[in-house]
Amino acid sequence: MAIRKIVMYPAEVLEKKCRPVEKFDKKLIKLLDDMYDTMIEYDGVGLAAPQIGIDERIAIVDIDNELGTIEMINPHIIKTSGEQNGPEGCLSFPNLFGEVKRPNYVMIEAYNRKGKKYTLEAEEFLARAILHEIDHLDGILFTTKVSRYLEEDELKGVEIE
Ligand code: CO
């Protein structure tokens, strides 16, 4: 396990459509473990592979709830519904926070580290975090969706994805 260097904006890898994972091997497991260590080290609630310089469809989310760490490999959005407006930050954009409108509900399909397919439903903040990370895999950054940037006195409790 190791902490990897976070790629900061601007960097080409952050705006690239990532490639699907084809091999569920030891290298993938090591990468997922390193992504976890890196996310924890930098106090994030999520991390996508391009944020450590790897253009593959791998992301993790951990909002410190009963689900633990959600590992999403080759995730697909099955459906979304509703709407929520909330603050977001991103590990690749230090000290930049903005309000982003997202669906309030999402259903995804993804693979876990063992190559087993699963579906997951999420609402509210978890849905937001999942959608933020899946956007990363398509090279879409939260700054392209910000309706308003936040001032310093509005940052209390804002999570970094
Ligand atoms: Co991010």
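Start at 1 and go down the list; that is how both ligands and their atoms are numbered.
- The stretch residues 4-13 participates, sequence neighbours left out, in these salt bridge (Lys or Arg N to Asp or Glu O under 4.0 Å) pairs: Arg4-Asp34.
- Counting only distances under 2.8 Å, and ignoring water, the protein N, O or S atoms around the Co ion (ligand 1) are Cys90 SG, His132 NE2, His136 NE2, Glu161 O.
- Between the side chains of Glu109 and Thr119, not a single donor N or O lies within less than 3.5 Å of an accepting N or O.
- For residues 61-80, every residue pair satisfying the salt bridge (Lys or Arg N to Asp or Glu O under 4.0 Å) rule, not counting sequence neighbours, is listed here: Glu71-Arg113.
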For residues 94-103, tabulate all N or O donor-acceptor pairs below 3.5 Å that involve a side-chain atom, not counting sequence neighbours.
{"unit_1": "Arg102", "atom_1": "NE", "unit_2": "Glu88", "atom_2": "OE2", "d": "2.7"}
{"unit_1": "Arg102", "atom_1": "NH1", "unit_2": "Asp135", "atom_2": "OD2", "d": "2.9"}
{"unit_1": "Arg102", "atom_1": "NH2", "unit_2": "Glu88", "atom_2": "OE1", "d": "3.0"}

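- Residues Val7 and Leu14 meet the side-chain proximity criterion, which asks for heavy atoms closer than 4.5 Å.
- A side-chain donor-acceptor contact under 3.5 Å links His132 to the backbone of Glu161.
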